[in-house]
Protein chains: 2
Amino acid sequence: MPDLSIDVVAKAAGVHRSTVSRAFSRPEAVKSETREHILRVAEGLGYTMSPLAQALRTKTSTFIPLIVPDITNPFFAELAKTMTQAADERGYQLLLCVTNGDPAKTDGYFTAMQAMYAPFGIVAPSTKVDTEALKRFDFGHKVVVIDRVEGDDAVPTVTVDSRRGIMLALEHLHGLGHTSIGYVSGIAGTHTAQDRMDAYLELSAESGSTPVVLDSGSDLDAGTRGAEHFLEMDNPPTAIIAANDMVAFAVMSALGQRGVRVPEDVSVIGFDGLALGARFNPPLTTVRQPIADMGHIAIELAEKQNADGSVDHIVLEPELLVRGSTSGPRK
Amino acid sequence: MPDLSIDVVAKAAGVHRSTVSRAFSRPEAVKSETREHILRVAEGLGYTMSPLAQALRTKTSTFIPLIVPDITNPFFAELAKTMTQAADERGYQLLLCVTNGDPAKTDGYFTAMQAMYAPFGIVAPSTKVDTEALKRFDFGHKVVVIDRVEGDDAVPTVTVDSRRGIMLALEHLHGLGHTSIGYVSGIAGTHTAQDRMDAYLELSAESGSTPVVLDSGSDLDAGTRGAEHFLEMDNPPTAIIAANDMVAFAVMSALGQRGVRVPEDVSVIGFDGLALGARFNPPLTTVRQPIADMGHIAIELAEKQNADGSVDHIVLEPELLVRGSTSGPRK
DNA sequence: TCGGTTGCTGAGATCGGTTGCAATAACACT
DNA sequence: AGTGTTATTGCAACCGATCTCAGCAACCGA
């Protein structure tokens with residue numbers, strides 16, 4: 001590969017660099033005859049433009065950072081999957097940024113994204129802190145957030161309707177005959193986590209039952225602690241809503257190890273709709289978030305903002321996914 | 001941010017561009033006094049070098065593509081996690097590339113990585129095809145593979161000792177009293193998958209028992225099919241080795257739905273050592289691969305190759321992780 | 001036929017760095 | 001003092017594109 005630059009193509013096609021450049025990036029500005037010739041020659045040489053050079057000159061690259069707290073969490077993994085797809089459909093390259101919940105890292109990624117002229121970035125926050133970091137950067141570089149954001153204004157967001165999701169779960173459980181329904185919270189700090197919890201509290205109260213929060217911790221051990229708490233209760237709930245699928249897994253696992261059977265002894269319902277849930281033992285009933293859509297929409301929002309400056313806040317509808325972890329109450 | 005370029009720093013520090021450049025990238029070539037002054041000024045301005053410009057000029061960037069078939073598979077997710085960490089410890093940026101098993105995509109990523117002067121890439125293959133794609137690119141750009149590679153020569157690799165891993169599993173099961181041990185294969189096409197299967201076949205034969213391959217499919221449904229096959233047998237094995245954790249999950253889930261209990265009715269052991277396994281129901285006994293090490297080593301190998309041209313093939317030792325999915329045989 | 005578009009292409013500066021080479025300063029040695 | 005290093009720094013070309021500006025030809029209407 002004798003270093004294919006725009007100049008060698010230009011020479012080979014007998015035109016000037018600038019014409020080749022136009023042939024690629026502003027086709028209508030070149031006589032169609034010339035353009036096709038150039039394209040043909042380029043094709044023959046196996047030429048592609050250097051994204052780096054382009055980025056340097058135009059001050060806008062195709063690198064888009066995906067900032068997540070933990071790629072190991074299947075929710076973020078699924079998000080990453082659909083995002084990569086959406087991304088390279090549109091010629092973007094996803095930069096995987098894992099913060100591990102460390103705000104310093106988040107900051108670092110933001111400055112890095114400026115440095116490489118990222119047109120925008122996607123943030124799936126673990127804590128409110130992440131979204132606050134945004135402000136320090138004046139939104140100078142556009143970002144879209146997979147969560148609600150305090151104040152709901154300057155930055156585009158996409159989320160699912162937490163309240164509706166919890167409602168779905170509650171209705172399903174009520175329909176099955178459950179009246180005492182506990183809750184184990186998930187990754188704390190996120191607005192959506194907060195919203196789900198609030199929704200649970202409110203809706204429970206509305207339906208006349210007293211809410212039972214088994215654990216409100218932030219980590220995965222919330223599941224274990226929740227299960228323990230459950231076992232210590234004199235009159236434990238007959239069903240448990242977990243703030244997200246991972247926590248639901250943890251709950252079921254902890255319960256299982258202590259001899260409690262799902263759904264025979266207690267029903268468990270998650271929130272996320274991870275594919276993995278279908279392979280769990282038992283398969284997890286859950287409130288599905290349209291993760292795939294979220295990825296595409298996030299990118300669309302970003303592009304839209306770049307185009308006309310509009311910042312939208314999309315709220316998607318969740319959906320109930322009934323699998324094997326819920327059934328009628330024990331007695 | 002009035003566009004911080006090297007020139008503004010130079011002016012502010014009263015030196016020439018080239019001196020600033022050296023102060024950063026070849027510190028020993030600048031009088032320490034001057035260097036410190038420059039660095040201080042830069043610091044004050046909040047200046048960082050443009051990785052794009054650097055890459056363009058030096059023809060080597062800090063972008064390193066991580067090519068995986070499916071980030072949704074926790075094995076690759078864990079790999080990605082440790083790799084991002086290893087990567088940004090050394091100032092690299094990970095580009096997430098998901099092939100979905102499509103060789104065309106793999107090819108695309110290879111050309112892309114050339115275009116952006118990636119110093120090397122990491123490939124965690126789904127099929128042998130992936131490794132063959134490498135040859136089409138003359139290894140012109142360095143790549144290290146998380147798998148064994150046909151011929152074992154031109155490209156650095158890191159894997160764990162498949163045979164040893166299977167041996168560990170077998171020994172554990174034998175120790176528990178199992179004599180009839182089945183096998184469900186995993187993602188096909190990979191050399192390691194092949195190796196594990198071969199090891200199972202050989203070691204079973206050596207120990208005098210007849211191997212029982214419950215399913216040799218490539219997809220996740222192998223688990224389901226394996227379970228069904230298991231149920232149809234007159235004299236089913238008392239334990240099952242799954243080629244990887246995901247398949248083990250699927251097997252246990254399918255078994256569970258059909259009323260077979262693990263480990264009471266049948267023991268199941270996986271291969272990978274995913275953190276997720278600890279949260280499964282029951283917690284999965286498995287052969288642990290040192291995934292975190294693999295990530296770091298992969299990057300080290302790549303750097304080493306770039307430095308002195310050496311290509312190494314590292315084989316790591318697996319380790320048994322006993323959790324709850326194995327116990328003595330039923331009767 | 002001539003001034004006024006319009007369409008297409010070439011020149012050349014520029015993006016933000018790097019690096020070989022030349023210039024100068026400083027120091028060592030005889 | 002004279003000459004030969006050696007350490008520092010400046011100069012300017014270059015990496016591979018983009019884009020403004022200008023040049024030129026063809027076309028239009030009066």
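Computed from heavy atoms alone, side chains included, the values below leave out hydrogens, waters and symmetry copies. Just so it is clear, the structure is predicted and the values come from calculations on it, not from any experiment.
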Subject >> Sugar-phosphate, base or nothing in reach of B:Ser18, heavy atoms under 4.0 Å >> reply: base
Subject >> A:Tyr117 side chain near D:dA17 phosphate (N/O to OP1/OP2, under 4.0 Å) >> reply: no
Original post:
Reckon A:Ser50 touches a base, only the sugar-phosphate, or nothing at all at heavy-atom distances under 4.0 Å?
Top reply: sugar-phosphate
Original post:
5'-most contact on DNA chain D: B:Val15 or B:Arg57, nearest heavy atom basis?
Top reply: B:Val15
Original post:
In whole Å, what is the span from the CG atom of A:Asp7 to the P atom of D:dA17?
Top reply: 8 Å
Subject >> A:Glu300 and A:Arg90 ion-paired at < 4.0 Å >> reply: yes
Original post:
Looking at the side chain of B:His16, which of D:dG10, C:dT18, C:dG16 is the nearest nucleotide?
Top reply: D:dG10
Original post:
Taking only side-chain nitrogens and oxygens of B:Lys59, does any of them come within less than 4.0 Å of OP1 or OP2 of D:dC14?
Top reply: no
Subject >> Distance, rounded to the nearest Å, where A:Ile6 contributes CD1 and C:dG10 contributes C1' >> reply: 13 Å
Original post:
Below 4.0 angstrom, N of the basic side chain to O of the carboxylate: do A:Glu28 and A:Arg35 qualify?
Top reply: no
Original post:
In dot-bracket, 5' to 3', how would DNA chain D read with Watson-Crick or G-U wobble pairs under 3.5 Å, [ ] for crossing ones and | for pairs to another strand?
Top reply: ||||||||||||||||||||||||||||||
Subject >> Between P of D:dA17 and CE of B:Met116, the distance in whole Å >> reply: 13 Å
Original post:
D:dG16, D:dT18, C:dG17: which one has an atom nearest the side-chain heavy atoms of B:Gln54?
Top reply: C:dG17
**OP:** Look at all strands and tell whether B:Thr60 reaches a base, only sugar-phosphate, or nothing, counting heavy atoms closer than 4.0 Å.
**Re:** nothing
**OP:** Specify the residues of residues 21-45 of chain B, ordered by number, for which at least one heavy atom lies under 4.0 angstrom from an atom of DNA chain C.
**Re:** B:Ser21, B:Arg22, B:Ser25
